[in-house]
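All values below come from the heavy atoms of this structure, side chains included, with hydrogens, waters and symmetry mates left out.
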Amino acid sequence: MSKNYFEPGDLVINPEHPEWGVGQVQSSINNRITANFDHNGKVVINSEEVILEEYIEDNL
């Protein structure tokens with residue numbers, strides 16, 4: 001599921017780079033989202049250019 005706004009602590013994935021793994025949002029200011037990804041480290045993303053998706057853990 002994609003949404004336009006993320007808060008610190010939210011878990012996200014970048015559908016354009018699934019190999020990055022799950023990212024945790026560190027900050028979200030205007031259209032700049034900083035997230036720390038499992039396999040790519042800290043990345044600053046322009047949310048007007050890249051639509052992140054919320055990561056929802058499957059708790060089965």
Side-chain angles (χ1 to χ4, degrees):
M1 168 190 287
S2 41
K3 63 182 190 177
N4 294 333
Y5 179 78
F6 292 100
E7 296 181 3
D10 286 348
L11 298 178
V12 296
I13 57 172
N14 182 341
E16 294 181 17
H17 292 284
E19 71 276 9
W20 289 3
V22 177
Q24 183 179 41
V25 174
Q26 306 297 304
S27 67
S28 179
I29 301 170
N30 298 324
N31 63 334
R32 293 177 55 149
I33 298 171
T34 302
N36 191 18
F37 288 88
D38 290 337
H39 306 294
N40 200 52
K42 187 188 293 187
V43 179
V44 178
I45 294 172
N46 181 341
S47 63
E48 292 180 348
E49 295 179 14
V50 176
I51 304 299
L52 295 175
E53 293 182 1
E54 184 175 18
Y55 175 79
I56 300 173
E57 254 185 301
D58 189 6
N59 292 325
L60 295 178

So how far is it from [X] [atom1] to [Y] [atom2], rounded to the nearest 0.5 Å?
X: L52; Y: L11; atom1: CG; atom2: CG; value: 12.0 Å
X: N36; Y: W20; atom1: CG; atom2: CH2; value: 11.5 Å
X: F6; Y: Q24; atom1: CZ; atom2: CD; value: 13.0 Å

* Asked: Do F37 and I45 come within less than 4.5 Å of each other through their side chains, counting heavy atoms only?
  ->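 Side-chain contact under 4.5 Å: yes.
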* Neighbour count above 12 (heavy atom, 6.0 Å) for N30 CG ->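 Counting other residues, nucleotides and ligands, CG of N30 stays at 12 neighbours or fewer.
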Between the main-chain N or O of [Y] and the side-chain N or O of [X], is there a donor-acceptor pair closer than 3.5 Å?
X: S28; Y: E7; result: no
X: T34; Y: Q26; result: no
X: N14; Y: E16; result: yes

* Asked: Looking at P8 and S27, what are the two nearest heavy atoms and their distance?
  ->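 Residues P8 and S27, closest heavy atoms: CG-CA, 4.3 Å.
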* Asked: Is V25 linked to V50 within one hydrophobic cluster, defined over Ile, Leu, Val, Met, Phe, Trp and Tyr using a side-chain heavy-atom separation of less than 4.5 Å?
  ->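 Linked, V25 and V50 end up in one cluster.
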